[in-house]
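Below is one structure, written out as structure tokens; comments come after it.
Nothing fancy with the numbering, it's 1 onward along the sequence. Order of appearance sets the numbers: ligands from 1, and atoms from 1 within every ligand. What you see is a predicted model; the values in this text were computed from it and never measured.
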Amino acid sequence: MYYDVVVAGGSVAGLLSAREISSNGFSVLVIEEDYEIGTPEHCGGLVSISGLEELGVIPFRKTYDHMIECAEITAPNGKKFTINSKKQKVVEISRRELDKQIAFQAQKNGAEIKVRTSFQEITDTGIRTNEGNIDCKIFVDARGVSSLIHKDRTGILSSAQYEIYADWIKKGKVEVILDQKKYPGFFAWIIPSNEGKGKVGVAGRGINAAETINEILKEKGKYSTIRKIFAPIWIKGPIEKFVDGKTVIVGDAAGQAKPTTAGGIYTSGMGGIYAGQAISKFLETNEILDLQDYQKKWTNRFGKEFEKQLLVRKILERIDNQTINKLFESITPEMTKEISEKDDFDFHTSSIIKLLGIKGSLKTAQTLISGELKKILG
Ligand SMILES: Cc1cc2nc3c(=O)[nH]c(=O)nc-3n(C[C@H](O)[C@H](O)[C@H](O)COP(=O)(O)OP(=O)(O)OC[C@H]3O[C@@H](n4cnc5c(N)ncnc54)[C@H](O)[C@@H]3O)c2cc1C
């Protein structure tokens, strides 16, 4: 069996790269080890409409029923502030449907997709799968965070996310709960899918994700669980080399999810698109520089923002609960108004910097962050 390209991983990044490559007339096979594209869904599904459009996905009409109107952020002492997010046009989508929609686009262009088929290893002429060997010119590794686990464990946090029914979930309101003792280096979140229905999740360094999420739910009140997932997230930013010989690494496997929130539908998806374009060019010219153009393109687009996000992450990992509580006291209605007006969901470091107390009212935060902040602002 021969294909110009074999992609391992039938999720956003892998399917988008396959869609691009097949649209240029090359043969592509996508192999997915699970039994269904889009399942098991391990995602909160928060994404900007502009991001979806850039990925070339026309959102379903019903997607607009799931617009996020505001984000409520809670400090360890319970103090809250709210950002109005209407302008950012962020939606909650079903990954089961999104991934299938992209799979449909890819096969329409000529790509083939096989589920229940897993990549095992690279061979001299292609790859080995559980169903035998396949020859190819290019192998695309789109296996998500599972591909990074063997390379570097230090950038991985464990997370849990339950889909639940609960009266206290409000349609259109995302909640973010900060507490460095309970969720070190990350946070807990509530993402509504509708009134009384949504996803509650948590991640943190060294936590027992199952125990931690149970504690959150116990505090919140009555609920029914309809689904539980446990998945690693990667928060260390892009890996050094996206292209290694004839292997091209895309999406979460290349560390293309945001270091601040681990959101990757848009940034990992764009990795798939840029890779697909570069692979198509390479298959035409046989010039390795054309293949390497993929990393340049992704870095031009997201490199600076990811560097800032990594610095923000460093700061957030060092801050203790007391400092967060103090920072919340210094947040004024003018600041939240300005962020509501200007924030960009996909390039959000400038808003975080504002919230970190750049206004100068807080000595502790300033001392803590002054050196790093100069780099971010510079
Ligand atoms: C709890 C949680 C919540 C999240 N919430 C959000 C959110 O709200 N918004 C957002 O933008 N992002 C979110 N993310 C991140 C987002 O899910 C990822 O960034 C995105 O799915 C990355 O896509 P990908 O195609 O690179 O990899 P993945 O979606 O991880 O897909 C990798 C695929 O490869 C397959 N695979 C693995 N090994 C093999 C193998 N050996 N052979 C064949 N196939 C294989 C897997 O089965 C999987 O289908 C969340 C992640 C988690 C864990």
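The list of salt bridge (charged side-chain N to carboxylate O under 4.0 Å, His left out) pairs with a residue in residues 221-233, not counting sequence neighbours, reads E163-R227.
The 4.0 Å heavy-atom shell around ligand 1 contains residues G9, S11, V12, A13, I31, E32, E33, D34, H42, C43, G44, G45, L46, R95, T117, S118, F119, A142, R143, G144, S146, S159, Q161, W189, A231, I233, G251, D252, A262, G263, G264, I265, ordered by chain and number.
For the side-chain contact (heavy atoms from CB on, under 4.5 Å) test with I49, the passing option among K89, E54, Q88 is K89; the others fail.
Listed by chain and number, the hydrophobic cluster partners of I31 are M1, Y3, V6, L29, F119, I122, I127, I134, F139, where partners are ILVMFWY side chains within reach of under 4.5 Å, directly or through others. Taking Ile, Leu, Val, Met, Phe, Trp and Tyr as hydrophobic and joining them when side-chain heavy atoms fall under 4.5 Å apart, one finds L217 in a cluster with Y162, I164, W168, I169, I177, Y183, I190, V200, V202, I207, I213, I216, Y223, F230.
The CG atom of N84 lies 10.5 Å from the NZ atom of K337; values are rounded to the nearest 0.5 Å.
Cation-pi check for K258 over F345 is met; the charged atom lies under 6.0 angstrom from the ring centroid and within 45 degrees of its normal.
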